[in-house]
A.B. asks: 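Please read through the structure below; I'll follow up with questions.
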2 protein chains.
Amino acid sequence: MSGKVTIATVAHHAQVSRQTVSNVLNSPHLVREETRGRVLAAIETLGYRANQAARQMRTGRSRLIAVRIEPANDGINGSILDRFLHGLTEAAAPAGYRIMLYTATGDDNEIATYDDLLASYDLDAFVLTSTHHGDARTTWLAEHDIPFVTFGRPWGAPDRHPWVDVDGAAGTAEATERLIAAGHRRIGFIGWPTGSGVGDNRREGWYAAMRAADLDPSGLERRVDDGVAEGRRSAQDLLAGAGPTALVCASDSLALGALRADARAPVAVIGFDDTPVAQAISLTSVGQPLAESAASCVELLARLLDGDTHSGRPQHVLLRPHVVVRDSG
Amino acid sequence: MSGKVTIATVAHHAQVSRQTVSNVLNSPHLVREETRGRVLAAIETLGYRANQAARQMRTGRSRLIAVRIEPANDGINGSILDRFLHGLTEAAAPAGYRIMLYTATGDDNEIATYDDLLASYDLDAFVLTSTHHGDARTTWLAEHDIPFVTFGRPWGAPDRHPWVDVDGAAGTAEATERLIAAGHRRIGFIGWPTGSGVGDNRREGWYAAMRAADLDPSGLERRVDDGVAEGRRSAQDLLAGAGPTALVCASDSLALGALRADARAPVAVIGFDDTPVAQAISLTSVGQPLAESAASCVELLARLLDGDTHSGRPQHVLLRPHVVVRDSG
DNA sequence: TTGTATGCGTTATCAA
DNA sequence: TTGATAACGCATACAA
């Protein structure tokens with residue numbers, strides 16, 4: 001059944017030269033229709049698939065995209081990467097690309113890994129996650145002219161490279177509006193300390209939605225590190241002060257904590273990220289369109305790699321998250 | 001700085017032939033020490049890394065291992081794969097292997113993917129997860145002589161292939177013993193319906209531990225589909241009947257449900273898998289040694305691929321999970 | 001429209 | 001112990 005089917009096998013079977021087979025694959029318009037049909041039939045019959053290694057030797061392209069897999073660090077939010085990776089793999093396959101994994105500790109180590117991966121496997125591109133302020137990785141990649149796309153905006157830096165991101169502000173705004181529509185007037189926000197792009201962005205949505213509804217957000221906000229305990233403390237604190245009847249949180253961890261602030265004074269709570277935890281405890285949460293984000297990453301990369309770079313189409317994609325309604329709000 | 005450093009560049013730099021460089025890399029014993037030193041120095045200086053594509057053309061080996069990434073289906077337990085994948089990637093790198101991802105829906109589709117991956121990328125091996133009864137994949141791979149290892153025992157089938165698994169029974173036994181040591185006498189078990197290898201195995205540990213302590217397990221067991229609601233119902237059911245004071249569960253989902261069975265009659269609960277959910281709600285849970293499992297998979301594969309197959313070392317690895325103690329039990 | 005020749009970077013075979 | 005040469009499978013320039 002097998003026994004290494006090469007372009008020569010196909011050529012022999014279809015009674016043409018090896019070159020003609022190659023043409024059918026790479027420049028079909030050069031081949032007469034009848035010949036092409038014969039060759040394609042042979043390819044089908046023999047189950048021929050081009051050998052990537054050989055192709056790569058000639059073209060210098062591996063059709064491989066590398067992504068870093070991080071340890072599920074904080075656990076509760078880590079499970080997002082899982083779904084993103086799945087989406088990436090699924091979107092890349094039909095475009096003819098495969099996903100290769102790597103790990104790294106810190107930006108410098110990651111850059112060294114790029115070098116290694118590039119030299120050994122001739123990677124076509126990288127997908128970067130968790131972009132942050134002063135990201136050395138994007139600088140290095142850009143300098144070396146390596147195609148890449150980030151999942152996450154280049155916070156605080158000029159966006160010279162293609163990126164895909166989720167509009168966190170739109171998410172918290174939708175959550176806030178939903179609570180307003182449900183009759184809440186004093187809606188609090190628990191988020192991360194000022195300075196993180198993602199965190200500030202999520203806070204923005206709540207703030208804007210409150211103002212848009214002529215509600216006063218002052219005193220209704222706490223900024224703390226991520227964590228269940230922190231969420232709980234912040235919620236208790238708010239409850240004792242401004243006394244919100246609902247809370248929008250920057251993460252499911254914070255939301256889970258908020259949910260347990262006070263059993264006697266139940267507040268509506270909406271989390272962020274729609275993690276497994278939210279599903280498990282029936283927490284309403286803002287869910288990111290991870291599969292769609294991944295597909296967009298692949299699309300931007302494919303465009304880059306297939307030379308279509310000057311088509312003028314947008315290099316940036318901002319996707320809207322949506323509130324997944326459950327029992328908590 | 002770069003500009004494609006090949007074996008020829010190194011040869012030139014070290015004043016030797018290309019072949020000698022290759023020998024230094026692949027058969028060092030053939031090269032005089034002084035020459036070898038010179039070549040290695042050149043390699044270091046130039047930052048040479050062998051081109052995998054070219055190497056693969058000659059050797060037929062890609063140093064690529066494929067793993068399937070599944071959609072985080074049920075969410076709560078899906079996050080396990082994440083950590084396993086990370087471990088795999090981390091363990092494979094030092095052994096000179098890289099991890100490639102693929103997706104598939106159903107065994108047949110997965111087998112078609114094998115064929116594709118093998119033909120295009122010359123994959124060296126596969127790591128299979130979620131093995132099940134009558135697994136068509138292992139049969140196919142074995143028939144085609146493709147090296148592979150499964151994470152999960154070949155339930156109900158003769159184990160002709162290398163596998164790595166976690167001793168679920170040991171985990172639930174440890175959980176049960178822990179509860180016994182804490183003074184509990186009536187310890188219940190909530191697990192999955194009879195017939196799933198993993199589920200039956202986890203039940204075994206509880207049963208054995210109860211008997212070993214001269215405790216009567218009868219009436220203290222419920223078998224239901226996985227899920228928070230199912231866990232809750234089962235726990236309420238048990239509480240109303242045999243009245244256990246503690247519960248061992250086959251999953252964190254079930255455990256979470258059990259925890260909410262009755263706020264007025266708190267029972268000790270221990271879950272399984274130590275998912276992010278367990279961490280979030282401070283649920284004591286049996287944690288699988290995922291990184292270690294992944295490392296074992298790589299080790300078994302490396303042994304297989306490096307021809308060391310007849311060394312007589314064991315092809316099966318059974319690892320012990322451990323209870324991660326938190327507030328619930 | 002089709003066929004011939006060449007080279008990508010590496011390793012295996014063989015000769016020096 | 002080292003070096004020359006061929007071959008892996010494919011794609012490109014060029015000739016027919």
Side-chain angles (χ1 to χ4, degrees), chain A residues 2-40 42-43 46-64 96 118-124 306-307, chain B residues 2-40 42-43 46-64 96 118-124 306-307:
Chain A
S2 51
K4 204 136 288 188
V5 179
T6 77
I7 216 169
T9 324
V10 177
H12 183 81
H13 190 94
Q15 309 273 40
V16 296
S17 74
R18 299 206 316 264
Q19 180 48 30
T20 301
V21 178
S22 177
N23 280 340
V24 169
L25 261 27
N26 304 297
S27 319
H29 57 280
L30 293 180
V31 183
R32 191 166 16 132
E33 187 171 334
E34 185 251 318
T35 315
R36 188 169 55 217
R38 200 147 34 93
V39 171
L40 287 174
I43 287 178
L46 299 168
Y48 166 81
R49 257 84 111 236
N51 179 308
Q52 282 299 329
R55 168 176 285 184
Q56 175 184 339
M57 286 256 285
R58 271 306 278 163
T59 62
R61 305 202 22 210
S62 61
R63 306 206 72 88
L64 249 29
L118 252 12
S120 310
Y121 285 94
D122 251 318
L123 260 46
D124 281 359
D306 298 346
Chain B
S2 53
K4 203 137 290 190
V5 179
T6 79
I7 215 169
T9 324
V10 177
H12 182 80
H13 191 94
Q15 309 271 40
V16 296
S17 76
R18 299 207 315 265
Q19 183 49 31
T20 300
V21 178
S22 176
N23 281 339
V24 169
L25 260 29
N26 303 298
S27 319
H29 58 281
L30 292 180
V31 182
R32 187 164 23 127
E33 187 169 333
E34 186 252 317
T35 315
R36 188 169 54 219
R38 199 146 36 93
V39 171
L40 287 175
I43 288 177
L46 299 167
Y48 166 81
R49 257 86 110 233
N51 179 308
Q52 283 299 331
R55 166 175 288 181
Q56 175 184 339
M57 285 256 283
R58 278 304 289 170
T59 64
R61 305 201 23 211
S62 61
R63 307 206 71 89
L64 248 30
L118 252 12
S120 310
Y121 285 94
D122 251 317
L123 259 47
D124 281 357
D306 298 347

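Per chain, numbering begins at 1; letters A, B, ... match sequence-line order. Since this is a predicted model, take the numbers as computed values, not measurements.
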A.B. asks: Please give, in whole Å, the distance from dT4(C) P to Asn23(A) CG?
C.D. replies: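 From Asn23(A) CG to dT4(C) P: 13 Å.
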
A.B. asks: For Thr20(B) and dG3(D), is the shortest distance between a side-chain N/O and OP1 or OP2 below 4.0 Å?
C.D. replies: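 For Thr20(B), the contact criterion (side-chain N or O under 4.0 Å from OP1 or OP2 of dG3(D)) is met.
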
A.B. asks: Is the backbone of Leu64(B) close enough, under 3.5 Å, to the side chain of Ser62(B) for a donor and an acceptor to pair up by distance?
C.D. replies: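 Yes: the side chain of Ser62(B) pairs with the backbone of Leu64(B).
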
A.B. asks: Quickly work out the Asn26(A) CG to dT12(D) P distance and round it to whole Å.
C.D. replies: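 Result: 6 Å.
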
A.B. asks: Are Arg32(B) and dT2(D) close enough that a side-chain N or O sits under 4.0 Å from OP1 or OP2?
C.D. replies: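 Answer is yes, contact under 4.0 Å.
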
A.B. asks: Roughly, in whole Å, what's the span from OH in Tyr48(B) to C1' in dT10(C)?
C.D. replies: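 Distance, rounded to whole Å: 7 Å.
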
A.B. asks: Given atom CD1 of Ile43(A) and atom P of dC10(D), what is their separation to the nearest angstrom?
C.D. replies: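 To the nearest whole Å, that distance equals 10 Å.
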
A.B. asks: Measure CZ/Arg58(A) against C1'/dT10(C) and give the value in whole Å, please.
C.D. replies: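 Checked: the CZ to C1' distance equals 16 Å.
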
A.B. asks: His12(A) NE2 to dG9(D) C1': how many Å, rounded?
C.D. replies: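 Interatomic distance, NE2 of His12(A) to C1' of dG9(D): 18 Å.
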
A.B. asks: Round to a whole Å and report the spacing from CZ of Arg38(A) to C1' of dT2(C).
C.D. replies: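 It works out to 11 Å between those atoms.
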
A.B. asks: Given dT1(C), dT10(C), dG3(C), identify the nucleotide with an atom nearest to the side chain of Val16(A).
C.D. replies: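 Of the candidates, dG3(C) comes closest.
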
A.B. asks: Report yes or no: does Ser120(A) contribute a side-chain atom to a donor-acceptor pair with the main-chain N or O of Gln52(B) at less than 3.5 Å?
C.D. replies: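 Answer holds: no.
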
A.B. asks: Roughly how many Å is it from CD in Glu33(B) to C1' in dT1(D), rounded to a whole number?
C.D. replies: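 These atoms are roughly 14 Å apart.
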
A.B. asks: If you pin Ile7(B) and Leu30(A) to their nearest nucleotides in DNA chain C, which one's is more 5'?
C.D. replies: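 Residue closer to the 5' terminus by nearest nucleotide: Leu30(A).
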
A.B. asks: For Met57(B) and Gln19(B), take the nucleotide of DNA chain C holding the closest heavy atom to each; which residue's nucleotide lies nearer the 5' end?
C.D. replies: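 Final value for this comparison: Met57(B).
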
A.B. asks: Say whether Ser22(B) and Asn26(B), considering side chains only, have a donor N or O and an acceptor N or O under 3.5 Å apart.
C.D. replies: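 Judged by distance alone, the side chains do pair up.
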
A.B. asks: On DNA chain D, compare the nucleotides closest to Ala8(A) and Arg18(B); which residue's is nearer the 5' end?
C.D. replies: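 The 5'-side residue here is Arg18(B).
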
A.B. asks: Looking for any heavy atom pair under 4.0 Å, which part of the strands does Ala53(A) touch: base, sugar-phosphate only, or nothing?
C.D. replies: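 Result for Ala53(A) = nothing.
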
A.B. asks: Using the closest heavy atom to pick a nucleotide of DNA chain D for each, name whichever of Thr6(A) or Ser17(B) lands nearer the 5' end.
C.D. replies: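 By nearest-heavy-atom nucleotide position, the 5'-most residue is Ser17(B).
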
